[in-house]
Amino acid sequence: MAILPILCYPDPRLHTVAKPVAAVDGRIRQLAKDMLETMYEASGIGLAATQVDVHERMIVVDVSKERDQPLVLINPELVWTSPGKHLNEEGCLSVPGIYDGVERFDAVHVRALDEHGKSRVIEAEELLAVCVQHEMDHLMGKVFVEYLSPLKRNRIKTKMLKARREDAR
């Protein structure tokens with residue numbers, strides 16, 4: 001297994017729309033393992049393949065307190081959304097140290113393949129629903145800061161670019 005580098009906003013590759021995974025094979029299973037290891041190492045609860053510069057439709061999630069309930073969702077698609085939404089404080093491994101409110105559906109049902117190629121439907125609510133929606137946005141080339149006002153987004157972009165310059169020293 002390997003820790004993969006995570007792209008940081010405003011890297012333009014984060015805006016790439018991911019293509020469907022053609023086949024669930026050894027390469028995809030290894031990518032899922034590497035993504036989970038990367039997510040756990042970074043203390044995250046979700047990671048999209050886009051964030052590790054692989055532009056295929058796969059996300060990994062684990063919102064359990066014990067960090068022992070990993071979910072691998074390949075070619076995920078929303079098949080149902082609740083009528084209600086609420087504002088959630090969100091952060092992102094690609095936008096470290098930044099948290100802000102984003103409105104998400106209260107619950108979602110997602111159809112996806114697991115790491116063995118088996119189709120399943122996940123019924124998600126609360127934190128799992130928020131996380132799945134956040135990661136699925138990445139697959140569409142959307143970062144959570146794009147839900148914020150242009151002023152906030154520009155401030156975050158400036159802060160991230162400054163941090164990158166300081167890290168390069």
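Heavy atoms only: backbone and side chains are in, while hydrogens, waters and symmetry mates are out. Everything numeric in this text was worked out from a predicted model, so none of it was measured.
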Any donor-acceptor N/O pair, [X] side chain to [Y] backbone, under 3.5 Å:
{"X": "Q30", "Y": "R27", "value": "no"}
{"X": "Q133", "Y": "F105", "value": "yes"}
{"X": "R153", "Y": "E146", "value": "yes"}
{"X": "D25", "Y": "I28", "value": "yes"}
{"X": "D34", "Y": "A2", "value": "yes"}
{"X": "T16", "Y": "H55", "value": "no"}

Does some side-chain heavy atom of [Y] sit less than 4.5 Å from a side-chain heavy atom of [X]?
{"X": "R169", "Y": "E166", "result": "yes"}
{"X": "V54", "Y": "M35", "result": "no"}
{"X": "I122", "Y": "V132", "result": "no"}
{"X": "V102", "Y": "N88", "result": "no"}
{"X": "E90", "Y": "C131", "result": "no"}
{"X": "L128", "Y": "L71", "result": "yes"}
{"X": "P10", "Y": "R164", "result": "yes"}
{"X": "R104", "Y": "D137", "result": "yes"}

- Item | side chain to side chain contact (heavy atoms under 4.5 Å, CB included) between M140 and M136, worked out | CA-CA 7 Å; M140 297 307 298; M136 287 180 68; over 6 Å; no
Heavy atoms only: give me the nearest [X]-[Y] pair and the separation to one decimal.
{"X": "P96", "Y": "C8", "result": "CD-SG, 4.1 Å"}
{"X": "L113", "Y": "G117", "result": "CD2-O, 3.5 Å"}
{"X": "S94", "Y": "I6", "result": "OG-CG2, 3.7 Å"}
{"X": "P76", "Y": "V110", "result": "CB-CG1, 3.7 Å"}
{"X": "L14", "Y": "T50", "result": "O-CG2, 3.9 Å"}
{"X": "Q51", "Y": "C92", "result": "NE2-SG, 3.7 Å"}

- Task: State whether the number of non-hydrogen atoms from other residues, nucleotides or ligands found under 6.0 Å of R155 atom CZ is greater than 12.
- Result: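 No - once you tally the heavy atoms of other residues, nucleotides and ligands closer than 6.0 Å, there are 12 at most.
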- Message: Can you confirm whether K33 is buried at NZ, in the sense that more than 12 heavy atoms of other residues, nucleotides or ligands lie under 6.0 Å from that atom?
- Response: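 Check fails, neighbour count at 12 or below.
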Transitive ILVMFWY side-chain link [X] to [Y], under 4.5 Å:
{"X": "I59", "Y": "V17", "answer": "no"}
{"X": "V52", "Y": "M39", "answer": "yes"}
{"X": "L36", "Y": "M58", "answer": "yes"}
{"X": "L139", "Y": "V61", "answer": "yes"}
{"X": "I45", "Y": "V130", "answer": "no"}

- Step by step, work out the side chain to side chain contact (heavy atoms under 4.5 Å, CB included) result for V95 and I156. CA-CA 8 Å; V95 194; I156 291 166; 3.8 Å; yes
- May I have all residue pairs that pass side chain to side chain donor-acceptor pair (under 3.5 Å) and include part of residues 114-125, sequence neighbours excluded?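 Listed by first then second residue: nothing to list.
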With rounding to the nearest 0.5 Å, note down the distance linking [atom1] in [X] to [atom2] in [Y].
{"X": "L161", "Y": "Y9", "atom1": "CG", "atom2": "OH", "answer": "9.0 Å"}
{"X": "L4", "Y": "E41", "atom1": "CG", "atom2": "CD", "answer": "11.5 Å"}
{"X": "L73", "Y": "R111", "atom1": "CG", "atom2": "CZ", "answer": "13.0 Å"}
{"X": "L87", "Y": "K85", "atom1": "CG", "atom2": "NZ", "answer": "11.5 Å"}
{"X": "Y40", "Y": "L47", "atom1": "OH", "atom2": "CG", "answer": "11.5 Å"}
{"X": "D11", "Y": "D53", "atom1": "CG", "atom2": "CG", "answer": "7.0 Å"}

- Task: Start with the C-alpha gap between D100 and Y147, add the side-chain angles, then the distance that decides, and say whether side chain to side chain contact (heavy atoms under 4.5 Å, CB included) holds.
- Result: CA-CA 9 Å; D100 213 316; Y147 286 101; over 6 Å; no
- Message: Using the rule given for side chain to side chain contact (heavy atoms under 4.5 Å, CB included), can you reason through H15 versus V143, listing the C-alpha separation, both sets of side-chain angles and the distance that settles it, and then say yes or no?
- Response: CA-CA 8 Å; H15 300 295; V143 181; 4.2 Å; yes
